[in-house]
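Basis for what follows: all heavy atoms, side chains included, without hydrogens, waters or symmetry-related copies. Sequential numbering from 1 along the given sequence is applied to the chain's residues.
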Amino acid sequence: MTLRMNPYLVMDGNAKEAIAFYEKALDAKVMGVQTFGDMPANPEFPLPEEAKGRVAHALLKVGETDLMFSDTFPGQPVEKGNHVTICITSNDPEKSRQIYKALQEGGQAVMPIQETFWSPAYGIVKDKYDVTFHVTTETTK
């Protein structure tokens, strides 16, 4: 089983600009950028036009470290305390669920842990110290 923790920066619509900045400033390599518009459409929740160009997830490699980014959804403000979060990555869905449940004790679910199109177990949880964690499970492809 593997387990990693990485910084995750949440931006307010300027993640693409920040990615370009950190790519140059930190000699980082952009591993991937996915916008909300790149995600599969959900007819129950149509995507507003102003959301389509915002970054849903991006990954930069800075030396041996992964630096992750996303923009907030339009109208969802970046608040002090939630613009830098921690992403915990496991390759075991059961371990991801276990970590999520442990962090949720005394805290709150932001997004229940569930299967997504990119992960068999992904969720966002704020612990009892108001630290926000993205818990994700990587798949081997």
Any idea which heavy atoms bring E94 and D92 closest together, and the distance? N-OD1, 3.0 Å
Report the distance from atom NZ of K95 to atom OG1 of T2, rounding to the nearest 0.5 Å. 11.5 Å
Answer yes or no: is there a side-chain heavy-atom contact under 4.5 Å between H57 and H134? no
Which side-chain N or O atoms in residues 28-50 pair as donor and acceptor under 3.5 Å with protein atoms at least two apart or in another chain?
| unit_1 | atom_1 | unit_2 | atom_2 | d |
| --- | --- | --- | --- | --- |
| T35 | OG1 | G37 | N | 3.3 |
| T35 | OG1 | D38 | N | 3.2 |
| T35 | OG1 | D38 | OD1 | 3.4 |
| T35 | OG1 | D38 | OD2 | 3.2 |
| T35 | OG1 | K52 | O | 3.2 |
| D38 | OD2 | T35 | N | 2.9 |
| N42 | OD1 | E44 | N | 2.9 |
| E49 | OE1 | K52 | NZ | 3.2 |

Which pair of heavy atoms, one from K128 and one from G106, lies closest together, and at what distance? CB-O, 3.2 Å
For residues S70 and Y8, report the shortest heavy-atom separation together with the two atoms involved. OG-CE2, 3.3 Å
Tabulate below the donor-acceptor pairs under 3.5 Å that side-chain atoms of residues 9-27 make, not counting sequence neighbours, or state none.
| unit_1 | atom_1 | unit_2 | atom_2 | d |
| --- | --- | --- | --- | --- |
| D12 | OD1 | T72 | OG1 | 3.3 |
| N14 | OD1 | D12 | N | 3.4 |
| K16 | NZ | G53 | O | 3.1 |

Reported OG1-to-CG distance for the pair T65 and N6, which is rounded to 0.5 angstrom: 7.5 Å
How close do V110 and Y100 get, counting heavy atoms only, and between which atoms? N-OH, 4.2 Å
To the nearest 0.5 Å, atom CE of M5 lies from atom CD1 of I86 at 4.5 Å
Set of residues satisfying side-chain hydrogen bond (donor to acceptor under 3.5 Å, both in side chains) with respect to K61, sequence neighbours excluded: D66
What heavy-atom pair brings M68 and L59 nearest, and what distance separates the two atoms? CG-CD1, 4.0 Å
Approximate separation, where rounding is to 0.5 Å, of S96 OG and L3 CG: 8.0 Å
In short, S119 meets T137 closest at the heavy-atom pair OG-O, 2.9 Å
To the nearest 0.5 Å, tell me how far T85 OG1 sits from F133 CZ. 9.0 Å
Pairwise distance CZ(R54) to CD(Q76) - rounded to 0.5 angstrom: 9.0 Å
